[in-house]
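Read the structure below first, then the notes.
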Amino acid sequence: MIADELARAFRLEEFRDHQALESGQSAHTVESYGRDLRRLAEFLAGQGVATPARATPKLLREFVFALKDLGLAPATIRRHVSAVRTYYRFLVGEGAVVADPSDRLESPRRGRTLPDTLSAEECQRLVEAPTPDLPLAWRDRALLELMYGAGLRVSEAVALTPGDLWMDDQVVRVFGKGGKERLVPIGRKVTSAVAIYLQETRPRLDRGATGNRLVLNARGRPLSRVGAWGIVKQAALRAGITKRVTPHTLRHSFATHLL
């Protein structure tokens with residue numbers, strides 16, 4: 001679903017006008033809520049939900065968890081939750097939805113426990129879940145191998161460029177928080193998956209709008225963090241893993257297995 005269609009399907013412009021003209025919100029709040037709700041719409045569309053009326057409380061909770069996994073600050077997540085609640089109150093008032101799925105939506109608690117880890121066998125099933133019958137199997141496989149095999153944050157994985165992979169040395173260069181650079185060893189399974197992706201899949205996706213990013217979406221643009229989150233979730237479903245799995249689960253599992 002392209003941007004304009006998404007905005008229409010989720011009535012984002014109507015909500016923006018309501019906030020600016022009828023609710024008297026500041027321009028800053030209107031702009032922030034607009035960004036937050038576009039992120040919600042993209043997340044829901046990625047889950048196959050085409051209109052706000054089809055969103056469920058469970059999906060909205062998953063959205064909040066996804067924000068946490070993206071590494072957003074607690075204050076930013078609380079603003080997203082406020083935007084979602086205000087948005088659904090507007091939709092209920094307009095008769096666009098019957099029941100408000102955000103009624104009991106809460107921000108993540110500050111003292112969140114450590115995420116579940118996957119066993120080595122579950123990680124193996126997860127990274128092998130994108131099978132050759134899928135059109136972007138090697139893109140997904142390369143991403144999953146990098147995230148698990150190098151313990152990358154989702155933001156680090158989607159920010160990689162082809163030049164960050166030193167295949168002969170089996171090393172990936174990563175720019176972490178604060179722009180700090182580190183070199184991470186990667187094994188043959190990671191380099192093999194990435195090499196096949198670079199040879200077979202990425203050239204097909206490259207339409208001249210890659211932003212020099214390694215991992216691309218189906219439209220040939222840089223894969224977003226939300227897009228990477230969706231790939232992990234779909235791989236977990238295909239692998240038959242019933243635990244909640246996020247990009248951070250892979251990073252935590254990498255660290256645990258390394259120890």
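In what follows, every heavy atom counts, from backbone to side chain, and hydrogens, waters and symmetry copies are set aside. Here, residue 1 is the first one in the sequence, and each next residue gets the next number.
Residue pairs that meet the salt bridge (Lys or Arg N to Asp or Glu O under 4.0 Å) test with at least one member in residues 181-198, sequence neighbours left out, are Glu156-Arg182. Contacts classified as side-chain hydrogen bond (donor to acceptor under 3.5 Å, both in side chains) and involving residues 161-174 (residues at least two apart or in different chains) are given here: Thr161-Asp164, Asp164-Arg173. Among pairs with a residue in residues 193-216, none fulfils side-chain hydrogen bond (donor to acceptor under 3.5 Å, both in side chains), at least two apart in sequence or across chains. Within the structure, ring-ring contact (aromatic ring centres under 6.0 Å, His included) pairs that include any residue of residues 174-194 do not occur (at least two apart or interchain). Here ring-ring contact (aromatic ring centres under 6.0 Å, His included) pairs that include residues 25-55, with residues two or more places apart or in two chains, are Phe43-Phe63, Phe43-Trp229.
Ala137 and Pro130 make their closest contact through O-CB, 3.5 Å (heavy atoms, listed as atom of the first residue, atom of the second, distance). The two residues Leu152 and Leu146 come nearest to each other via the heavy atoms CG-O, 3.7 Å. Val190 and Gly149 make their closest contact through CG2-CA, 4.1 Å (heavy atoms, listed as atom of the first residue, atom of the second, distance). Residues Ile186 and Val171 approach most closely at CG1-N, 3.8 Å, considering heavy atoms. Between Val158 and Leu223, the shortest heavy-atom distance links the atoms CB-O, 3.4 Å. Smallest separation of non-hydrogen atoms from Arg139 and Val215: CD-CG1, 3.6 Å.
Residues Val232 and Thr246 fail the side-chain proximity criterion, which asks for heavy atoms closer than 4.5 Å. Between Thr86 and Gln19, the closest side-chain pair of non-hydrogen atoms falls below 4.5 Å. Between Leu37 and Arg16, every side-chain heavy-atom pair lies at or beyond the 4.5 Å cut-off. In this structure, Leu70 and Val154 have side chains that are in contact, with non-hydrogen atoms separated by less than 4.5 Å. With a 4.5 Å cut-off on side-chain heavy atoms, Thr249 and Arg244 do not count as touching. Annotation: side chain of Val127 is not in contact with side chain of Leu250 (no heavy-atom distance under 4.5 Å). Annotation: side chain of Leu205 is not in contact with side chain of Asn217 (no heavy-atom distance under 4.5 Å).
With sequence neighbours excluded, the residues satisfying side-chain hydrogen bond (donor to acceptor under 3.5 Å, both in side chains) with Tyr148 are His257. Partners of Tyr87 according to the ring pair (Phe, Tyr, Trp, His ring centres under 6.0 Å) rule, which considers only residues two or more places apart in sequence or in another chain, are Phe15. Qualifying side-chain hydrogen bond (donor to acceptor under 3.5 Å, both in side chains) partners for Arg251, counting only residues two or more places apart in sequence or in other chains: none. The side-chain hydrogen bond (donor to acceptor under 3.5 Å, both in side chains) search around Thr131 returns Asp133, Arg238, not counting sequence neighbours. Glu62 is linked by a salt bridge (charged side-chain N to carboxylate O under 4.0 Å, His left out) to Lys58, Lys233, counting only residues two or more places apart in sequence or in another chain. Considering only residues two or more places apart in sequence or on other chains, Arg11 meets the side-chain hydrogen bond (donor to acceptor under 3.5 Å, both in side chains) condition with Glu14.
There is a side-chain donor-acceptor pair under 3.5 Å between His80 and Asp36.
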| said: Apply side-chain hydrogen bond (donor to acceptor under 3.5 Å, both in side chains) to residues Thr29 and Ser32 and explain how you reach the verdict. | reply: CA-CA 5 Å; Thr29 299; Ser32 297; over 6 Å; no
| message | Arg39 vs Leu67, test: side chain to side chain contact (heavy atoms under 4.5 Å, CB included). Steps then yes/no. | response | CA-CA 10 Å; Arg39 178 175 269 162; Leu67 298 176; 3.5 Å; yes
| Check against salt bridge (charged side-chain N to carboxylate O under 4.0 Å, His left out), Arg61 and Glu106 | CA-CA 8 Å; Arg61 287 195 298 273; Glu106 296 180 356; over 6 Å; no
| request: Could you walk me through whether Trp138 and Val194 pass side chain to side chain contact (heavy atoms under 4.5 Å, CB included), step by step? | output: CA-CA 8 Å; Trp138 283 110; Val194 172; over 6 Å; no
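Under a hydrophobic-cluster definition in which Ile, Leu, Val, Met, Phe, Trp and Tyr are linked whenever side-chain heavy atoms come within less than 4.5 Å, directly or via other members, Leu143 and Ile241 are assigned to the same cluster. Under the 4.5 Å side-chain heavy-atom criterion for grouping Ile, Leu, Val, Met, Phe, Trp and Tyr, Phe90 is not connected to Val30 through any hydrophobic cluster. Hydrophobic clustering (side-chain heavy atoms under 4.5 Å, transitive across Ile, Leu, Val, Met, Phe, Trp, Tyr) groups Leu144 together with Leu198.
With values rounded to the nearest 0.5 angstrom, Ser82 atom OG is found 13.5 Å from Ile77 atom CD1. Interatomic distance, CG of Leu91 versus CD of Glu94, reported as 8.0 Å (0.5 Å rounding). The line from CG of Leu40 to OG of Ser102 is 9.5 Å long, rounded to the nearest 0.5 Å. The line from OG1 of Thr51 to CG of Leu6 is 11.0 Å long, rounded to the nearest 0.5 Å. Here the OH-CG distance, from Tyr88 to Leu105, works out to 10.0 Å after rounding to the nearest 0.5 Å.
Taking the charged nitrogens against the carboxylate oxygens, Arg141 and Glu145 do have a contact shorter than 4.0 Å, which makes a salt bridge. We find that Glu13 and Arg8 are not joined by a salt bridge, their nearest charged nitrogen and carboxylate oxygen being 4.0 Å or further apart. The pair Lys243-Glu122 meets the salt-bridge criterion, since a charged nitrogen lies less than 4.0 angstrom from a carboxylate oxygen.
Annotation for Arg221: atom CZ does not count as buried by contact number, only 12 or fewer foreign heavy atoms lying within 6.0 Å.
Hydrophobic cluster of Leu134: no remaining members, since no ILVMFWY side chain lies below 4.5 Å from it.
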